[in-house]
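Inspection log for the structure reproduced underneath, given as structure tokens.
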Amino acid sequence: AQKVERRTFIKPAYDLAKSIMPKISETEAAALNSGTICFDKDLFTGDPNLKTLTENFDVRLTPEEQSFLDNEAEVLCEMIDNYQIDLDQNLPADVWRYIREQKMMGMVIQKKYGGLGFSGHAHAKVVEKIAGRNGAAAVSVMVPNSLGPGELLHHYGTQEQKDHYLPRLAHGIDIPCFGLTGAASGSDAASMRDEGVVCMENGVLGMRVNFSKRYITLAPVATVVGLAFKLRDPDGLLTKGKEGITVALLPTEANQFTGPNGIEGLETGPRHNPLSCSFMNGTVKGEDVFIPMSCVIGGEERTGYGWNMLMECLGEGRGISLPALAIATGKVATLAVGGYARVRKQFKVPIANMEGVQEKLANIGRITFQTTAAQHMFDAFLMSGEKPPVLSAIMKHACTERGRFAVNEAMDIVGGAGISKGPANFMAGAYQAMPIAITVEGANALTRSLIIFGQGLNRSHPHLLDLVQTIQAGNDQEGFNKHLALIIKHAMTNLGRSVGRGLAVQVQPKTDVLDYYENNMSRLAANFAFCADVGLTLGGGLKTKEFISGRYADVLSNLYMGYACMWYYNRNKHVKDLDKVLDLAMAEVVYNIQEALMGIYQNFPIPGLGPLMQAFTFPRGREYSNGTDKMRAKVAQLITTPTEVRAVLTENVFVSKDPKDRVNQISRAVALCCEADSIMSTCRKEKRQPTADEQLKIDAAEELREEIIQVDAFENILAPHKTEAMRATWTVSAPGAAEQAQ
């Protein structure tokens, strides 16, 4: 009787849930079921454990991977002339050849197919090193390893497809691209207009396909094109597979999968010009193109499963490649801009000693520490066999947004040296390219407002997906009752944790930085989990409340970033003064979480619930500040002088052996100028002249300093500017001349 009574009591809630919860589409279901749940679930439980993270996850390169980074990647970087590539808008032939011959496009392809068989971490570090030298080269290496068809072939290709394509891709014989984005389908890729119809022609089962793709990296030089399109089968010709999004592999020359005439009508190129960043990007088009069924990755039985395949395979790369570009920017800024600030003087002092500059330097150091930590922890998850799509989205958004901020701060510091293009400019390329990283692989604005929390809540919450499935079933009231009760219990548990941990941190002294932030992060994780459960009262409407969803995403992203920083510090606490960087990094993280939560409380759509959430989580109002000036000054000093912190935050940055290279000069100048400035300071205090040896050091520092502060100038840029067209052919009379003539 009691059971029946409880069912009757909850039946109105079940009926209401069915009426307001939108049906999960097939593409949404594919996204929800792709990959694995990892640390993101711990965050949604409200009880993540730093000790468990530290003990269970580690990341390191194999000797073979480290050797590749120290040798082949170094050789490639030394071959690159940044400014010439900028002028030519293409990599030189020897660079293309080296990339292909050294299997850089096949780093993640298994060794049995001729690839390097590298880990995600090695992939990230190689791209990072190259990106520190040249973005176009890094993108050319990055795309085949993250967005290319190699991963799709590995998981879903037929054995014949694997045997043919994977060795060719590994050895750089084939250059791949992947056509997903179209004019009507940018971030909403599933809404593509590209369509194919199953047909039988000359006894060959295939598809007639119309497609128009744009923004496709490597398309202008690609020899094999991955193509996603919607497939229809009006005549019921399919004996396997189904209608829906399908992925095919189209070679630009005939092979055993295409027949003797190849894929007639396939057009790759012409080029787009993405902010003059020199990498190959263009269009893939075709009208009424016949594609044999043998070109579908996995064959006929994989028709209609393309979206599932894409979600499973391409999400991992999003968390590796673009973050690596952003991290490279931060590391180069730390090395070169940090060094430049120490070398460059104004008002007779290094600009690194000026507080206005120190504020920006501290941001660069903090961001480099945060993104490096996030990268290492994400790669550690991958090495353990995880493929977490929610964390991948967080990585892409959080790292590129922080990278954008870091490069802007860097440009402010170097000033004219940053905006004057030429061989001596070491920041303009990264500054120019950063909007591209923000835009591609899911625009950051939509990744934040729709994906991170929207997918995370459904995918990573310990009970919600089970509840949603009972609603989608339409007749599982008993299951609904069970999972609703679990969610309510979950919310109450985290309400209790929020109150208890909130009280505990009020009396904790900051004697140990790591312990202090670990306890505060534990409190904030419980706050998030409780507020996320309250957010469920919006039902399916949460999808359209992007202001609110974006703030929840900010909390989730910063929770990940904070735990990554603590995890990374635990593994590198031997580095002297790294706790000073941790302190500033964590202060920013907890402040960001606080501000995002406050935004949720103040704007929650259901009256009363916002103040209620705040009453249990932040009853005293705002408690965290975004670091202190003293903390910023210390971090700025650490990255502009020869310290262990500067060394660890600039690990894996390429420095040319050419003594005329500007980054090389700055790298050498930091220690030299610090010593020279120290000598001059001592002489002033002791009221004496430098010794002969001291003067030699001062002179060497000043000579190098003078060379570093110079910028490029050109007799002509593209065309002569002193021409007859610039000569005035008109005259003007002096004032009053007309009156005098009269």
Side-chain angles (χ1 to χ4, degrees), residues 24-36 108-109 120 142-158 161-162 165-166 169 176-182 184-196 207 209 211 213-219 222 224-231 241-250 284 291 295-322 382 386-393 395-396 440-443 446-447 450-451 454-455 458-459:
I24 295 178
S25 68
E26 187 175 349
T27 53
E28 287 176 315
L32 289 176
N33 293 323
S34 67
T36 62
V108 300
I109 294 175
M142 170 188 94
V143 167
N145 288 288
S146 60
L147 297 175
E151 189 80 357
L152 290 166
L153 283 167
H154 171 69
H155 288 285
Y156 302 108
T158 65
Q161 289 171 339
K162 292 178 183 180
Y165 284 115
L166 288 178
L169 290 167
C177 71
F178 195 88
L180 181 60
T181 303
S185 53
S187 295
D188 182 17
S191 68
M192 66 184 73
R193 294 174 182 167
D194 314 282
E195 187 174 271
M207 305 147 287
V209 187
F211 50 92
K213 305 291 188 179
R214 65 181 185 180
Y215 308 149
I216 311 305
T217 299
L218 294 182
V224 60
V225 179
L227 183 72
F229 57 92
K230 288 182 176 177
L231 183 64
K242 60 179 182 176
E243 294 184 322
I245 294 175
T246 298
V247 178
L249 205 53
L250 314 181
V284 174
I291 301 175
C295 288
V296 172
I297 295 179
E300 182 184 349
E301 66 186 69
R302 281 290 169 185
T303 55
Y305 290 97
W307 194 248
N308 303 65
M309 293 158 62
L310 292 173
M311 291 298 98
E312 283 286 346
C313 291
L314 301 188
E316 179 183 326
R318 179 173 57 176
I320 294 175
S321 299
L322 291 168
L382 297 183
E386 301 287 353
K387 289 192 173 185
V390 174
L391 298 185
S392 181
M395 279 292 295
K396 191 269 175 176
V440 299
E441 292 191 52
L446 294 183
T447 298
L450 290 176
I451 304 301
Q455 185 178 356
N458 286 288
R459 185 80 169 94

(request) Compare every heavy atom of I297 with every heavy atom of M309, then report the nearest pair and how far apart it is. (result) CE-O, 3.8 Å
(message) Run the side chain to side chain contact (heavy atoms under 4.5 Å, CB included) test against S146 and tell me which residues pass, sequence neighbours left out.
(response) H123, M142, S321
(message) I need the minimum non-hydrogen distance between G298 and T158, along with the two atoms involved.
(response) C-CG2, 3.6 Å
(message) What's the separation between atom NZ in K242 and atom CD in E301, rounded to the nearest 0.5 Å?
(response) 13.0 Å
(message) Restricting to side-chain hydrogen bond (donor to acceptor under 3.5 Å, both in side chains), what partner residues turn up for Y156, sequence neighbours left out?
(response) none
(message) What's the separation between atom CD1 in I291 and atom CG in L231, rounded to the nearest 0.5 Å?
(response) 9.5 Å
(message) Please identify which of these residues, V247, I245, L310, L227, meets the side-chain contact (heavy atoms from CB on, under 4.5 Å) condition with L180.
(response) L310
(message) I'd like to check L249 versus L152 (side-chain heavy atoms, cut-off strictly below 4.5 Å). Are they in contact?
(response) no
(request) Could you pull out all residues at least two apart from E312 that satisfy side-chain hydrogen bond (donor to acceptor under 3.5 Å, both in side chains)? (result) none
(request) With sequence neighbours left out, write down each residue that passes side-chain hydrogen bond (donor to acceptor under 3.5 Å, both in side chains) with E195, or none if nothing qualifies. (result) R232
(request) Taking all heavy atoms of F229 and all of G196, pick out the closest pair and write down the distance. (result) CD1-N, 4.0 Å
(message) Nearest 0.5 angstrom please: I451 CD1 to K396 NZ, how far?
(response) 11.0 Å
(request) Work out which heavy atom in C295 is nearest to a heavy atom in L250; give both atom names and the distance. (result) CB-CD2, 4.3 Å
(message) Restricting to ring pair (Phe, Tyr, Trp, His ring centres under 6.0 Å), what partner residues turn up for F211, sequence neighbours left out?
(response) none
(request) Please identify each residue that fulfils ring pair (Phe, Tyr, Trp, His ring centres under 6.0 Å) with Y305, with sequence neighbours left out. (result) none
(request) Please name all residues satisfying salt bridge (Lys or Arg N to Asp or Glu O under 4.0 Å) with K213, sequence neighbours left out, ordered by chain then number. (result) D194
(message) Quick one: does any side-chain atom of T246 pair with a main-chain N or O of T303 as donor and acceptor, under 3.5 Å?
(response) no
(message) Would the distance check show the side chain of T447 and the main-chain N or O of A443 forming a donor-acceptor pair, the cut-off being under 3.5 Å?
(response) yes
(message) Quick one, V225 and P149 - any side-chain contact, counting heavy atoms below 4.5 Å?
(response) no
(message) Using side-chain heavy atoms (C-beta onward) and a distance below 4.5 Å, is E386 in contact with L391?
(response) no
(request) Could you pull out all residues at least two apart from T217 that satisfy side-chain hydrogen bond (donor to acceptor under 3.5 Å, both in side chains)? (result) N281
(request) Any chance you could measure T36, atom OG1, to R459, atom CZ, to the nearest 0.5 Å? (result) 7.0 Å
(request) Could I get the full list of side chain to side chain contact (heavy atoms under 4.5 Å, CB included) partners for P389, not counting sequence neighbours? (result) S34, Q455
(message) Please report the interatomic distance CE(M192) to NZ(K230), rounded to the nearest 0.5 Å.
(response) 7.0 Å
(request) Looking only at non-hydrogen atoms, find the nearest pair between I216 and G179 and report the distance. (result) CD1-CA, 3.7 Å
(request) Using a 4.5 Å cut-off on heavy atoms from C-beta on, say whether the side chain of L169 contacts that of P176. (result) yes
(request) Only counting residues at least two apart or in another chain, list the ones meeting side chain to side chain contact (heavy atoms under 4.5 Å, CB included) with V440. (result) L322, I436
(request) Quick one: list whatever passes salt bridge (Lys or Arg N to Asp or Glu O under 4.0 Å) with K387, sequence neighbours left out. (result) E151, E316
